[in-house]
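Reading through the structure tokens given below for one structure.
These numbers were taken from a predicted model, which means no experiment stands behind them. Chain naming here is simple, since letters A, B, ... match the order of the sequence lines and numbering starts at 1 in each.
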Amino acid sequence: MASEHSDPSEKEHRDQENVKQKYGMDRHKDKDKRKEEKIWSYDSKLKKEKENGFARLPPVKSELDNDGFYLSPKHEKSLRRERGKDEWEEERYTDGSKWRFLEHKGPVFAPPYEPLPSNIKFYYDGKPFKLSKKAEEVATFFAKMLDHEYTTKDIFRKNFLKDWRKEMTSEEKVKLSDLNKCNFNEMSEYFKAQSEARKQMSKDEKLKIKEENERLLQEYGFCLMDNHKERIANFRIEPPGLFRGRGDHPKMGMLKRRIRPEDIIINCSKDSKHPKPPPGDKWKEVRHDNKVTWLVSWTENIQGSIKYIMLNPSSRIKGEKDWQKYETARRLKKCVGRIRAQYREDWKSKEMRIRQRSVALYFIDKLALRAGNEKEEGETADTVGCCSLRVEHICLSPEKDGQEFVVEFDFLGKDSIRYYNKVPVEKRVFKNLQLFMENKQPEDDLFDRLNVSP
DNA sequence: TTGTAGACTTGAACATAATTCG
DNA sequence: CGAATTATGTTCAAGTCTACAA
């Protein structure tokens with residue numbers, strides 16, 4: 001949460017609260033339970049690996065047991081049983097490294113664009129217009145979304161046209177300037193017919209496709225991390241298309257460009273067989289960073305953020321992390337009482353900063369709100385979390401519906417999902433809120449003395 | 001200390017498979 | 001049996017948090 005200095009009890013207090021809020025304990029009880037079960041299935045996974053007899057790598061010293069044998073899944077399992085669970089709950093590597101050996105086949109790229117059959121036409125201003133291949137591809141993205149509400153939104157259309165024009169030949173640029181004069185209907189109908197045809201395919205054809213997918217999965221869907229064959233979560237590169245932001249996103253409709261091998265950074269261990277780029281292409285980089293868990297990354301062109309290919313939740317690396325999370329939650333359970341007492345105390349603090357923090361903490365605890373980091377204005381939809389709440393998002397009533405000191409929340413949270421709630425709060429909280437709102441405009445931050453970082 | 005890029009989790013929306021029902 | 005419903009899997013934008021540089 002917030003604060004500049006670090007008295008240890010306060011730090012602990014914050015940490016614990018972060019955990020509670022981070023893992024939304026109140027919010028997702030059932031799901032959490034299911035997830036815990038998933039973790040326990042790790043052992044059965046090891047068993048399966050054993051049965052299938054996956055290839056093992058040459059041993060590294062520390063992967064051998066005292067007698068110089070492989071630390072195979074079976075060994076590992078029995079060792080773990082011997083030493084007790086605690087051993088597993090410990091980080092496997094203490095130096096921050098995540099693995100020692102990593103080998104994989106690299107990503108699967110999106111299939112290349114297939115031009116439309118010549119009888120499917122695009123019309124501009126009522127007349128057929130033959131598009132260049134590049135422009136046509138982008139046009140099909142739009143055509144595929146024609147039924148979607150998105151395509152009626154002004155920002156979407158504006159962004160689309162701007163990016164589409166970038167893909168046009170200079171000739172097309174001159175002629176095609178008004179999206180309202182563009183008619184994508186024939187394309188749209190064609191795609192609908194295609195997907196219909198796919199549904200009507202015979203059993204045989206469907207099976208063929210399934211088998212092909214299975215083959216790809218077998219070839220690219222697994223990697224070898226240390227001694228284990230692990231399932232990769234997303235081994236396919238995101239195909240090009242139009243960006244669909246959620247809520248009122250200022251960048252909706254922009255073109256998500258096609259990712260090429262030269263955009264791709266490969267991460268694997270030096271002593272592994274490096275994945276090969278497609279013939280005639282090069283990777284952007286091949287690195288060997290065992291401080292991270294990803295296998296492949298690239299930079300996406302809409303927000304400039306980095307996308308990753310990582311492992312499945314069933315993998316050791318994800319499972320352990322998940323486990324840690326629950327451990328933290330368990331630790332938190334032991335001290336929530338103390339934390340609650342502390343923030344109630346802080347409601348009376350003479351320091352504004354601490355008061356604001358304590359009230360925010362109370363909301364997070366009581367209502368399971370998200371922390372609410374700062375975000376870049378204008379780059380994303382306007383949404384907030386607890387610490388980024390603005391005066392306009394809450395409404396105070398000393399009395400409402402027979403209850404005293406009611407706070408009415410109304411704001412857009414993550415994914416622009418509306419949060420609306422009326423809660424009676426304690427008098428002291430109410431008074432504090434009144435204080436925070438004094439002399440402020442609706443668009444001012446409610447917790448202006450708060451910063452989210454530790 | 002502050003600002004920022006990078007890493008990683010989350011979950012809504014969509015897609016597909018499995019199951020139930022008339 | 002196919003249609004309808006439900007369960008399960010995949011995709012990917014949108015969060016959170018951390019490490020590190022200035």
A:F191 six-ring centre to A:K144 NZ/CZ under 6.0 Å and within 45° of normal: yes
Stacked cation flag A:K256 on A:F243, 6.0 angstrom / 45 deg: no
Side-chain N,O ([X]) to OP1/OP2 ([N]) below 4.0 Å:
X	N	value
A:H249	C:dA14	yes
A:K307	C:dT11	no
A:Q303	C:dA13	no
A:K98	B:dC8	yes
A:S305	B:dG6	no
A:K291	C:dC20	no
A:R231	C:dT10	yes
A:T380	C:dA14	no

Any N/O donor-acceptor pair, A:R246 side-chain to C:dA13 base, under 3.5 Å: yes
Presence of donor-acceptor pair under 3.5 Å, side chain of A:K318 and base of B:dT9: no
Nearest whole angstrom, please: distance from the [atom2] of [N] to the [atom1] of [X].
X	N	atom1	atom2	answer
A:M252	B:dA13	CE	P	14 Å
A:N213	B:dA17	CG	C1'	13 Å
A:I259	C:dC12	CD1	C1'	13 Å
A:E214	B:dA17	CD	P	12 Å
A:K144	B:dC14	NZ	C1'	15 Å
A:R316	B:dC8	CZ	P	12 Å
A:L217	B:dA17	CG	P	13 Å
A:M145	C:dC12	CE	P	12 Å

From the set [options], return the single nucleotide nearest to any side-chain atom of [X].
X	options	result
A:K325	C:dA13, B:dT10, B:dC8	B:dT10
A:K414	B:dT10, C:dC12, B:dA12	B:dT10
A:A371	B:dT9, C:dT16, C:dA14	C:dT16
A:P239	B:dC14, C:dC12, B:dA7	C:dC12
A:R236	C:dG15, C:dA13, C:dT11	C:dT11
A:N373	C:dA14, C:dT16, B:dG6	C:dT16
A:V292	B:dA7, C:dG15, C:dA13	B:dA7

Heavy atoms only, 4.0 Å cut-off, all strands: where does [X] land among base, sugar-phosphate and nothing?
X	answer
A:S297	nothing
A:G304	nothing
A:K251	nothing
A:I302	nothing
A:F243	sugar-phosphate

Given DNA chain B, 5'-ward residue of the pair A:R244 and A:D289, judged by closest heavy atom: A:D289
Upstream residue (5' side of DNA chain B) when A:R287 and A:D415 are each assigned their closest nucleotide: A:R287
Aromatic ring pairing A:F142/A:F156, orientation class (parallel under 30°, perpendicular over 60°, tilted between): tilted
Of A:V384, A:T380, A:D382, the residue whose pairing with A:K375 passes side-chain contact (heavy atoms from CB on, under 4.5 Å): A:T380
A:F184-A:W164 aromatic ring centre distance below 6.0 Å: yes
Aromatic contact, A:W347 with A:Y362 (centres under 6.0 Å): yes
Contact nearer the 5' end of DNA chain C, comparing A:K256 with A:N312: A:N312
Gap separating the CD1 atom of A:I155 from the CG atom of A:D248, nearest 0.5 angstrom: 5.0 Å
